[in-house]
Amino acid sequence: MKTNIVLIGFMGAGKTEVGRILAINLGFNFLDIDALIEKYEEMSITEIFKKKGEKYFRDLETKILNSIRETIKGVELSGKDKPSVISTGGGMPAFNGNMKLLKNIGTVIYLKADAHTIYERIKSETHRPVLGADGFTLKSVSDKLKEREKFYEKADMIIYTEGLTPQAAAEEIEIFFNFC
Ligand code: S3P
């Protein structure tokens with residue numbers, strides 16, 4: 001099965017790292033939507049949130065997503081390029097009906113992890129604007145994860161990443177693709 005792969009999941013789920021490994025292993029292109037947004041705006045995501053607000057950021061996510069979909073459709077029609085692995089921002093599936101767009105682009109895979117694990121992975125980071133400008137707690141991670149889980153669970157496949165290295169998570173996805 002030859003299809004684009006879209007990775008979704010909460011912050012700290014490993015979307016970028018797993019995506020990068022997967023793209024190398026499969027020989028696919030790799031697209032990181034957060035990185036594309038930063039390049040497009042010439043600003044870090046933290047700065048975009050601070051200077052322009054969350055709504056602006058969410059609309060930008062959808063705009064970039066639409067343009068990826070158009071590009072990918074063109075590439076598929078030409079049959080010339082290879083498929084892509086696309087890593088999304090943690091909030092993307094929960095806004096503007098993006099989940100439908102994501103499923104339109106490729107097979108959507110949810111990299112799932114528990115709130116506690118996520119908190120441990122990201123607690124030393126300072127650039128997490130949606131969890132509160134003054135820092136965050138296990139409870140704020142857990143509340144936000146609960147709020148988003150219903151969107152994430154619409155994925156085509158769920159990989160439980162607890163105890164998996166990024167390489168092992170990428171291998172699970174490869175197995176799914178080889179045997180489907
Ligand atoms: C966000 C997650 C971030 C980034 C932005 C908003 C969120 O991406 O898009 O800070 O709302 O969860 P990562 O999940 O790659 O950290």
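We count ligands from 1, going down the list as the structure has it; atoms in each ligand are counted the same way. These numbers come from the heavy atoms of this one structure, side chains and all, not from hydrogens, waters or symmetry mates.
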Checklist entry - Quick one: does Arg58 get within less than 4.0 Å of ligand 1, heavy atoms only? => result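 Contact present.
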Checklist entry - Does even one non-hydrogen atom of Arg148 get within less than 4.0 Å of ligand 1? => result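 Right, Arg148 reaches ligand 1.
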Provide the closest heavy-atom pair for [X] versus [Y] in the form atom of the first, atom of the second, distance.
| X | Y | answer |
| --- | --- | --- |
| Thr3 | Phe28 | O-CE2, 3.4 Å |
| Glu41 | Tyr56 | OE2-OH, 2.9 Å |
| Glu162 | Asp114 | OE2-N, 2.7 Å |
| Lys15 | Thr88 | CE-O, 2.8 Å |

Checklist entry - Thr16 and Asp32: side-chain donor and acceptor closer than 3.5 Å? => result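 The answer is yes; a qualifying pair exists.
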Checklist entry - Do the side-chain N and O atoms of Asn25 and Glu174 include a donor-acceptor pair separated by under 3.5 angstrom? => result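 Looking only at side-chain atoms, Glu174 and Asn25 do form a donor-acceptor pair, the distance falling under 3.5 Å.
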Next on the checklist: Give the atom numbers and elements of ligand 1 that come within less than 4.0 Å of a heavy atom of Ile45.
Outcome noted: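 Near Ile45, the atoms of ligand 1 are 5 (C), 10 (O).
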Next on the checklist: Closer than 4.0 Å to some heavy atom of Asp34 - which atoms of ligand 1 meet that?
Outcome noted: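 Listed by number with element, the hits are 3 (C), 4 (C), 8 (O), 9 (O), 13 (P), 15 (O).
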Checklist entry - Taking N or O atoms only and a 3.5 Å limit, does Phe57 qualify as a polar contact for ligand 1? => result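 No, since none of the N or O atoms of Phe57 sits under 3.5 Å from an N or O of ligand 1.
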Item to check | Under 3.5 Å: N/O of Gly89 near N/O of ligand 1 | outcome: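 Such a contact does not occur with ligand 1.
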Next on the checklist: Side chain, backbone, both or neither: which applies to Met92 and ligand 1 if a contact is any heavy-atom pair less than 4.0 Å apart?
Outcome noted: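 Near ligand 1, Met92 shows nothing, with every heavy atom at 4.0 Å or more.
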